[in-house]
Undergrad: 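Next up is a structure, given as structure tokens.
Every number for a ligand or one of its atoms is a count from 1 in the order of the listing. All of these numbers come straight from a predicted model, not from anything done at the bench. Index from 1, following the sequence.
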Amino acid sequence: MSVYGVIMAGGKGERLWPASTPARPKPFLPLGGEGKSLIQATYDRVLPLTGRERLYVVTNATLAPRVKATLGLADSQILVEPQGRNTAPAIGLAALAVSLADPEGVMIVLPADHLIEDEESFRRALEAAVEAAQEGHLVTLGIEPSCPATGYGYIQRGKLFGSSHGHDIFKVKRFTEKPDEDTARRFLSEGGYYWNSGIFVWRAARILEEIDRFLPKLSQALKGLAGLWGRPGWEAALRKSWQEVEAISIDYGVMERAEDVVVVPASFGWHDLGDWQAVWEVLPKDGTGVAARGEHLGVDTARALIWARPGKTVATLGVSDVAIVDTQEALLVADMKRSQKVRELAQQARPAPPKWEKLLELDTSGMLEVVASFPDQCRKGLELGEEADVPPELSGFSRVLCVGMGGSGITGDLLGRLLSVPVISCRGYRVPSYIGEETLLVGVSYSGNTEETLSAFEEGLSRTRRALAISSGGKLRELCASRKIPWIGIPGGYQPRAALGYLLFTLLSVLRRLGAAHLELEEALEVLAGQAKALGPASPGNRAQAIAQALVGGVPLIYGTSGNTGPVAFRWKTQINENAKQPAFWAELPELCHNEIVGWELAERVLPEGRVVFLRTGHDHPRVQARIEILKEVLLRRGLSYLEVEGEGKSEAAQLFSLLYLGDWVSVYLALLNGVDPTPVRPIQELKDRLARL
Ligand code: F6R
């Protein structure tokens with residue numbers, strides 16, 4: 001009979017707020033001793049009894065990546081509940097996993113957020129419990145109470161039942177839900193009562209029988225799932241079942257009703273760290289009763305819990321009995337004795353859903369409408385390119401040099417991803433020295449007045465006569481006219497970055513006519529049209545809005561991949577800068593694995609607001625995909641969060657453009673969440689004006 005460990009890792013992140021949050025609840029706080037998280041300490045503690053292969057963690061989809069990053073378990077060992085249904089369904093699911101692996105298996109159920117001081121005696125108590133469980137009993141660990149706590153359930157022991165590993169084992173007479181203080185006092189003076197630790201041991205098959213007896217709906221669901229374990233359809237079936245099963249605790253659902261429940265009394269220094277005061281009690285303190293995590297400067301400070309964030313000192317003067325918790329999300333200053341009430345603050349602090357209707361009013365120049373018209377722009381661009389007057393003598397080039405800046409400059413990068421010939425992007429006053437007649441020079445400036453573009457284009461003309469330019473007018477048009485260079489006009493009146501459909505697709509169709517084949521675009525155009533509807537303000541709660549909400553207040557670090565989504569990552573960055581007026585950065589895989597990842601080492605201190613966004617398509621090299629999987633774990637361990645954003649459609653172009661377009665929407669919604677009008681780009685204009693006066 002093998003012994004399995006089942007760690008229950010969930011939590012709303014309310015009681016130790018703001019250090020704990022729904023995305024990083026108590027099990028992940030470094031309270032397990034030696035800087036370990038509580039879940040890591042739980043894992044390490046039970047490991048000698050089970051071995052690594054016989055450990056499961058039950059958690060939710062949000063926390064699963066964090067569990068994986070922390071414990072490094074295989075996916076099959078992480079049981080993801082589609083929604084929290086209290087402990088009975090979670091335990092039922094784990095019992096199913098154990099019983100399928102080993103019909104005789106005994107399972108130890110452990111909450112992931114307890115602190116245990118004496119690990120040896122913890123394991124001895126569990127060994128006693130395992131022995132009783134092997135005989136078929138339902139076993140619970142009861143903690144010798146040290147005070148009349150009202151925050152725990154109590155177990156009243158009955159007759160002595162036996163003993164094992166130096167522990168007496170008693171029949172359970174009764175479970176009592178959290179009592180009032182008088183009742184708790186009476187329990188303590190009467191004796192024979194224990195705190196309910198939530199640690200259970202039983203044979204998996206036995207608890208499934210009890211579930212069948214007392215919770216038939218859950219049992220039915222588990223039986224239905226048994227045949228699908230590890231097979232296609234598992235997730236959908238689990239999702240469906242979990243919508244139907246009753247949310248109920250194992251104590252209430254089974255333990256209080258079952259016969260043959262025994263308790264192993266234990267005292268191994270058990271703490272469930274239910275509030276900041278409880279945390280203060282267990283942390284090491286200085287002579288004045290100050291427990292500090294991080295940098296603290298104190299004068300006349302006593303009995304205080306200080307939780308400073310990395311890189312920032314908390315200084316206190318003349319305070320006592322206080323909990324100060326400084327995090328990225330909030331700064332809590334609380335009377336320590338009332339820290340039970342922190343939960344109320346945490347609930348109030350939960351961000352209210354944005355009032356999009358009101359926020360839309362910020363878009364006074366109509367950027368949303370322009371973004372919505374992007375698919376039309378692309379189609380019109382293709383037509384403009386068909387009609388453009390382009391002399392066939394231009395063909396025969398072996399590469400393209402695009403000169404352009406900002407919202408126009410990205411055209412070159414994207415062309416490089418789409419064309420069959422190499423494309424060099426030039427962003428500066430000069431063109432590379434190796435450019436000659438084999439190169440097609442393309443000047444791209446939406447306004448036609450950007451000085452770097454004009455300078456580089458003119459220099460390029462001295463190297464090659466194969467040239468054309470695109471703009472809505474301006475000096476570029478005049479230059480082309482005077483030098484008899486083909487010029488393609490596109491409609492004016494847009495912000496350059498908002499005219500990408502015209503710039504890119506017009507050039508694409510011109511270049512196709514000149515013999516440079518490009519990726520098939522039809523599916524991409526269809527996908528874009530679908531996105532225009534799905535991501536617009538008429539679809540509240542859409543994907544772009546959700547991503548914008550995840551990025552607000554952060555520093556987006558957009559990660560694309562070399563030869564694929566790199567230019568799209570750059571576009572996300574620039575759109576977030578210009579529309580949302582927010583700092584954002586980008587990098588490419590696999591290159592970033594050779595430098596940027598080292599910079600993550602201090603990220604929690606210097607860039608705690610960093611929010612990585614992985615742009616993902618099915619067209620990346622498998623090793624690049626494998627790298628992303630590893631990076632996700634590294635990021636979580638470094639205290640940074642990430643999002644993964646998948647492209648739509650099948651073809652390379654569809655996935656690429658759908659990601660690009662999604663980023664455009666995200667940047668505009670982010671602008672609204674930031675309380676700014678997406679359209680104006682005053683700093684760019686100011687700089688251009690000042691330079692013009694020089
Ligand atoms: C403004 C924008 C800028 C411009 C850049 C170059 O919307 O996107 O990045 O694109 O200042 O100007 P143009 O595109 O006119 O050559």
Undergrad: Between Tyr669 and Trp665, how do the two ring planes meet: parallel, tilted or perpendicular, split at 30° and 60°?
TA: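 Tyr669 and Trp665: parallel rings.
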Undergrad: Can you list every salt bridge (Lys or Arg N to Asp or Glu O under 4.0 Å) pair that touches residues 472-498, not counting sequence neighbours?
TA: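 Salt bridge (Lys or Arg N to Asp or Glu O under 4.0 Å) check on residues 472-498 returns Glu458-Arg483, Arg497-Glu578.
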Undergrad: Can you list everything that forms a side-chain hydrogen bond (donor to acceptor under 3.5 Å, both in side chains) with Asp363? Sequence neighbours excluded, please.
TA: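 Testing Asp363 for side-chain hydrogen bond (donor to acceptor under 3.5 Å, both in side chains), a comparison that skips the adjacent residues, returns none.
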Undergrad: Mind checking what residues have non-hydrogen atoms under 4.0 angstrom from ligand 1?
TA: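 Residues within 4.0 Å of ligand 1: Met405, Gly406, Gly407, Ser408, Ser445, Tyr446, Ser447, Thr450, Gln495, Pro496, Arg497, Glu578, Ile684, Lys688.
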Undergrad: Just distance, no hydrogens or angles: give the donor-acceptor pairs under 3.5 Å from side chains in residues 607-615, sequence neighbours left out.
TA:
| from | atom 1 | to | atom 2 | distance (Å) |
| --- | --- | --- | --- | --- |
| Arg611 | NH1 | Ala550 | O | 2.9 |
| Arg611 | NH1 | Val552 | O | 3.1 |

Undergrad: Can a salt bridge be assigned to the pair Arg513 and Glu386 using a cut-off of 4.0 Å between side-chain N and carboxylate O?
TA: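 Glu386 and Arg513: not salt-bridged.
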Undergrad: Say whether Asp664 and Gln575, considering side chains only, have a donor N or O and an acceptor N or O under 3.5 Å apart.
TA: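 Short answer, yes.
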